[in-house]
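A note on names: the letters A, B, ... follow the listed sequences, proteins ahead of strands, and every chain is numbered from 1.
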Amino acid sequence: MKVLVTVKRVIDYNVKIRVKPDGSDVDLTNVKMAVNPFCEIAVEEAVRLKEKGIASEIVVVSVGGSEAQEQLRTALALGADRAILVESTANTESLNVAKLLAKVVEQEQPSLVIMGKQAIDSDNNQTGQMLAALCDMPQATFASEVSVADNSVTVTREIDGGLQTLSLQLPAIVTTDLRLNEPRYASLPNIMKAKCKPLATVTPDDLGVTLSAHTQLLGVNPPPQRSAGVKVKSVAELVDKLKNEAKVI
Amino acid sequence: MDFALNDIQQMLKDSAGKFIHNDYDFETRQKHSHSELGYSEDNWQLFAELGWLALPFAEEFGGLDGNATDLMVLMTELGKGLIVEPYLSTVVLAGNAIQRGGTAEQKEALIGGIVGGELKLAFAGLEAQSATDISSISTQASTQSGGVVLNGKKQVVLHAQSADKLVVAARSHNNNGNIALYLVDANADGVAAHHYPTNDGARASDLTFTNVAAELLGDSDDAAAVIQAVLNDAIVAVSAEAVGVMDKMLSATVEYTKVRKQFDVPIAKFQILQHNMVDMFMECEQARSMVYYAAITIGEGNSEEQVAEANKASQFLKWKVGQAARLVGQTAVQLHGGMGVTDELDVGHMFKRLTMINTLFGSMDTHLDNLVKQRQAA
């Protein structure tokens, strides 16, 4: 069974994000970049399927500039077999990425597509669902447990107030939640092997996709600075403030 | 000259950095440090799985053929976590001595065990009277009943408590005054050990050898060149570790001064403190540059000229790192105030580790003195 995993290059989750002085976007100058944590969980899940003998090949795909090769190499070091970079820096909004991925899915014909539920840079949580619609495949989002048997995949989803279990016919699309697994560290031997694994680069033109802008970024603002706390003299005063000022109880 | 890390080194840095960030915070480190073993055996096995124990060893013995620069990358990241696992003693010192000086059979028998995480080693070099001079030792090997036995005392043997085997420097059993290296089972009859925690939260032991059965490491009983090469590698490794510690101290200090307020403003607004932190930054960068220089120089070759340059580079490095560590450590503690020396905050522990690194393999004063003497003699 072939598994296709998507990987996005984002700002490392440990980095404190800065906004450009003119508020036009996030400042990426000299910022450490990494694999989106949810995508890392997706890669880990695919590698575990391969270790169980269920998956036979893992293909990782990224859409982005040539520097996204770094993140694809990391995915290869974690256990993926080969990588595809769709080289495109313009208009990489969710719908365009989903269209590009749909073409890759058409070419690769995977039995299972595993994606992060969202990327931590724009937090859209859209691409997986859009890809499912474009490919006309069943989807299970926010997966916290995945098991593949015969020609179907059973996915436990984290939903408000509990868990929901779905069974999907393959081929299907699964997006990962935080608790699905704990990604491994790339071992040094695998890092060395990753250098020799194939990484193909294609362009949107090669895939026959024309990217058009559907949304326009108007501005980016940092979150308001947290104001200093106050000390209360009694529990009664605390309850009063929680009720009447914070209005949380 | 391009000092950028290659892809493999960058991924190694990321992987090690992620491990320290996710699984080796200060509280975890303290828990391991205070445990009976003094480190985490689970972490040791993880190091083996991740290939870190194989890094500097030759591929033919199960290693990954890494060089001093690769080791530098790993040690810098491990320094940020103040790791207490016996990496320095097993891999950088004793394992390296076996790789550099051992026979093919000894390498075959031992390196696989190190790489797999089953075998831990310690390097017993210094004695009470030798200070930091490895040539000033009196532990004596002699021939007895057809075998070799050791008699003598060794001090501050790092991680001997957890070691399965010891690599011991001693006067040759051929009674020619040479310093040779011998392999000894850590639990062999005649080995008496006094184990204790060191100031920086690691473990060390004072060892006494009384007619302990030993095996010569390698074919030659003159291991002076091997020991010097091992010490050069170790100096680069602990200096890289020191750079990691200093990076962490600098960022902790900058963050703290942005939060700590005096006169209703963060103390980071005070220009004099900004100057102090700029000085810390410059010392970190100069120490890093010296680590790069030494890591490249010690890996250049084995000709007489190259070995002399390697020795000089490691001496310069140890001097520079000692100087930088003192300034960065003292300033970090100063800017943190009393908190900087409490047991609960990592800053004081980082300063202790830097102080310990300054005493390992010769202090900055010793190396500066040696450099001056060499210059005067030239």
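Residues of residues 7-30 of chain B lying under 4.5 angstrom from chain A, judged on non-hydrogen atoms, are B:D7, B:I8, B:M11, B:L12, B:D14, B:S15, B:K18, B:F19, B:H21, B:N22, B:D23 in numerical order. Using a 4.5 Å heavy-atom cut-off against chain A, the contacting residues of residues 53-87 of chain B are B:L55, B:L64.
Applying the 6.0 Å contact sphere to CD of A:E145 captures no more than 12 heavy atoms from other residues, nucleotides or ligands. No more than 12 heavy-atom neighbours from other residues, nucleotides or ligands sit within 6.0 angstrom of CD on A:E182. For B:K31, the NZ atom counts as loosely surrounded, since its 6.0 Å shell holds 12 or fewer non-hydrogen atoms of other residues, nucleotides or ligands.
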Side chains of residues 112-121 of chain A: which donor-acceptor pairs under 3.5 Å do they make with residues two or more places apart or in other chains?
residue, atom, partner, partner atom, Å
A:K117, NZ, A:D177, OD1, 3.1
A:Q118, NE2, A:D123, OD1, 2.7
A:D121, OD1, A:K8, NZ, 3.1
A:D121, OD2, A:K8, NZ, 3.0

Kindly list each side-chain donor-acceptor pair under 3.5 angstrom involving residues 259-271 of chain B, sequence neighbours excluded, with atom names and distances?
residue, atom, partner, partner atom, Å
B:R260, NE, B:Y256, OH, 3.3

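Using a 4.5 Å cut-off between heavy atoms, A:A77 contacts chain B through its side chain alone, with no backbone atom that close. Heavy atoms closer than 4.5 Å to chain B are found in the side chain of A:K16, but not in its backbone. For A:N190, no part lies under 4.5 angstrom from a heavy atom of chain B.
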